[in-house]
**Student:** 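Below is one structure. I have some questions about it.
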Protein chains: 2
Amino acid sequence: MTETNVSFRALSASCKTCSLAELCLPRGLQAEEFQRLDDVIKARRVVHAGDLLFKEGNDNRSIYAVRSGSVKTFAITESGEEQVLGFHLPGEIVGLAGLDESIHNCSSKALETSSICEMPLDDLEDICLQIPSLQKQLLKLISREISQDHKMLLLLAKKNSDQRVATFLLSLSGRFKLRGLSSESFMLSMSRQDIANYLGLAVETVSRILTKFGDDNIVEVTRRSIQIVDHDRLLEVAST
Amino acid sequence: MTETNVSFRALSASCKTCSLAELCLPRGLQAEEFQRLDDVIKARRVVHAGDLLFKEGNDNRSIYAVRSGSVKTFAITESGEEQVLGFHLPGEIVGLAGLDESIHNCSSKALETSSICEMPLDDLEDICLQIPSLQKQLLKLISREISQDHKMLLLLAKKNSDQRVATFLLSLSGRFKLRGLSSESFMLSMSRQDIANYLGLAVETVSRILTKFGDDNIVEVTRRSIQIVDHDRLLEVAST
DNA sequence: CGGCTGCTTGAAATGAGTCAACATAGGTGG
DNA sequence: CCACCTATGTTGACTCATTTCAAGCAGCCG
């Protein structure tokens with residue numbers, strides 16, 4: 001086995017592991033190390049809209065990589081309502097919040113037909129001990145998760161409804177771009193209900209704002225298809 | 001060096017490290033391991049109200065344990081406002097969000113005269129490789145941080161102002177209790193401004209609600225001193 | 001072709017914010 | 001030691017953004 005770094009191309013070529021890019025790419029693993037990581041990963045699994053990836057209270061500690069499709073994570077409040085905590089697109093990791101107490105403290109559901117890779121955490125922790133750079137990378141990912149949550153706290157605490165929706169659209173746009181997809185034209189895989197829930201707004205408010213953005217020629221919205229027409233104005237709205 | 005587990009009493013006896021209970025206690029480190037951890041910790045440091053522990057963009061990656069006093073963490077928004085992300089009481093760890101990108105992505109400021117232990121992350125990561133249980137414990141702590149943030153997202157997205165303030169008081173109460181302090185009677189080290197900012201409310205709203213809780217004989221509030229009179233009613237308000 | 005679910009739109013209700021004035025505590029300096 | 005000054009906190013009146021309630025519309029599936 002050679003000592004060359006595993007490139008993004010090589011990762012992508014490996015069917016089982018291509019969605020692990022986020023976990024191992026930034027530091028560049030040695031091929032041997034990469035193989036060890038590869039062994040941990042269970043075969044990918046196809047889920048359909050509404051299927052649960054994992055459930056609050058689950059004792060099966062794993063993290064999941066979205067290969068294709070999309071999922072949402074959510075918690076259930078004392079009063080039984082759902083709180084959407086985040087949406088996860090292809091290439092992103094889900095389940096990093098569930099490392100405590102050996103159980104997941106939130107649930108995850110597929111928004112559409114999706115392909116998912118599962119990595120049992122016990123195994124992952126073990127090879128982290130063997131591959132220091134992987135441990136660092138895992139910590140980084142989790143830390144990034146916290147940063148993301150902090151952005152969300154800020155959004156909920158300080159931004160008005162226009163800013164929230166604009167920020168949401170820009171976040172999706174940026175993440176699509178990162179994965180090489182169109183940042184200006186995409187489909188929403190989540191319902192207005194999910195968006196509203198996530199942004200702490202009423203469905204009606206989200207609907208009204210999308211219509212308004214449409215009237216103002218900032219985006220073109222047709223049902224779940226989004227076309228960002230004026231990226232700059234959207235940016236302006238998001239931070240104003 | 002004996003192989004006995006380090007007890008809480010032993011930890012507490014160690015001046016330098018007593019606030020590390022949260023990091024090493026739950027799994028019980030061996031004495032030798034404990035010594036290695038102890039070596040990482042820089043001497044404790046006394047900070048005064050308004051002093052910065054660390055600053056956004058700092059390249060000095062460390063986590064901090066609050067030994068006495070209290071601190072807040074906060075981020076600065078694009079428009080220059082402050083967003084309070086959390087308050088940290090004695091025995092709690094600060095700075096877990098800053099492991100990514102080699103910089104802290106939020107800042108931390110002392111709310112009163114406080115004693116703080118600093119642990120450089122590079123050293124901590126190194127000994128994590130030698131002490132697997134410590135790695136798990138660190139992951140758990142970070143994961144708990146995420147859970148806490150999720151609770152906060154839920155609060156900001158779903159709860160009204162009464163519920164937010166009630167939840168806040170109960171959170172403090174519970175954390176004081178956990179550290180062996182009175183859960184029914186305590187001092188707020190943070191200003192109304194900080195509370196309001198944290199809860200996504202206006203100062204006036206926080207003030208009004210505290211007054212109302214006082215009128216309803218749920219708590220007694222005198223400036224920054226809080227006495228919880230009717231814990232059950234407070235619980236009821238928080239979740240209603 | 002219904003019927004269902006998800007989305008949009010309008011009108012009315014309301015919770016929280018804003019603005020402004022006032023109160024009190026703690027600190028400073030004459 | 002007292003008088004003043006500034007910080008922080010409280011209270012009231014008014015405004016407004018967002019929610020709630022209610023109705024109508026459109027795409028989709030059996």
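In the text below, chain A, chain B and the rest are named by the order of the sequence lines, each starting its count at 1.
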**Student:** Hey, can you pull the residues of residues 192-203 of chain B with a non-hydrogen atom under 4.0 angstrom from DNA chain C?
**Tutor:**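 Result for residues 192-203 of chain B: B/G200, B/L201, B/A202, sorted by number.
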**Student:** Shoot me the first and last contacting nucleotide of DNA chain C against chain B, ordered 5' to 3', at under 4.0 angstrom to non-hydrogen atoms.
**Tutor:**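 Going 5' to 3' along DNA chain C, contacts run C/dA16 to C/dA25.
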**Student:** Between B/S225 and B/M187, is there a side-chain heavy-atom distance shorter than 4.5 Å?
**Tutor:**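 Counting from C-beta outward, B/M187 and B/S225 do come under 4.5 Å.
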**Student:** Report the residues that fulfil side chain to side chain contact (heavy atoms under 4.5 Å, CB included) with B/R45, sequence neighbours left out, ordered by chain and then residue number.
**Tutor:** B/V47, B/Y64, B/E118
**Student:** Is it true that B/S115 and B/R44 share a donor-acceptor pair across their side chains at a distance under 3.5 Å?
**Tutor:** yes
**Student:** Using the closest heavy atom to pick a nucleotide of DNA chain D for each, name whichever of B/L210 or A/T205 lands nearer the 5' end.
**Tutor:**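 The residue closer to the strand's 5' end, by nearest nucleotide, is B/L210.
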**Student:** Kindly calculate the angle separating the two end axes of the helix from C/dC1-D/dG30 to C/dA23-D/dT8, each obtained from five base pairs, and round it to 10 degrees.
**Tutor:**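 Answer rounded to 10°: the end axes differ by 40°.
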**Student:** Within residues 219-227 of chain A, find the residues that approach DNA chain C with a heavy atom at under 4.0 Å, and present them sorted by residue number.
**Tutor:** A/R223, A/R224
**Student:** For DNA chain D, determine which residues of residues 158-168 of chain A have any heavy atom closer than 4.0 angstrom to one of its atoms, and list them numerically.
**Tutor:**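 Nucleic-acid contacts, sorted: A/N160, A/S161.
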**Student:** Suppose we screen for side chain to side chain contact (heavy atoms under 4.5 Å, CB included). Which residues come up paired with A/K159, at least two apart in sequence or across chains?
**Tutor:** A/L154, A/L155, A/Q163, A/R164, A/T167, B/E78
**Student:** Just jot down the side chain to side chain contact (heavy atoms under 4.5 Å, CB included) partners of B/E82, sequence neighbours excluded, or say none.
**Tutor:**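 Counting only residues at least two positions away or on another chain, B/E82 forms a side chain to side chain contact (heavy atoms under 4.5 Å, CB included) with B/K72, B/F74, B/I76, B/V84, B/D194, B/N197.
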**Student:** Show me the pairs that pass salt bridge (charged side-chain N to carboxylate O under 4.0 Å, His left out) and involve residues 204-220 of chain A, at least two apart or across chains.
**Tutor:** A/D162-A/K212
**Student:** Under 4.0 Å, heavy atom to any atom of DNA chain C: which of residues 69-85 of chain B qualify?
**Tutor:**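 Result for residues 69-85 of chain B: none.
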**Student:** As a test of the definition: with a 90° window around 0 for syn, would you call D/dA7 syn or anti?
**Tutor:** syn
**Student:** Which salt bridge (charged side-chain N to carboxylate O under 4.0 Å, His left out) pairs, counting each pair once, include a residue from residues 224-233 of chain A, with sequence neighbours left out?
**Tutor:** A/D230-A/R233
**Student:** Does anything in residues 180-190 of chain B form a side chain to side chain donor-acceptor pair (under 3.5 Å)? List the pairs, not counting sequence neighbours.
**Tutor:** B/S70-B/S189
**Student:** What is the nucleic acid contact for A/S191, judged by heavy atoms within less than 4.0 Å: base, sugar-phosphate only, or nothing?
**Tutor:** sugar-phosphate
**Student:** Contact class for A/T211 (heavy atom, under 4.0 Å): base, sugar-phosphate, or nothing?
**Tutor:** sugar-phosphate
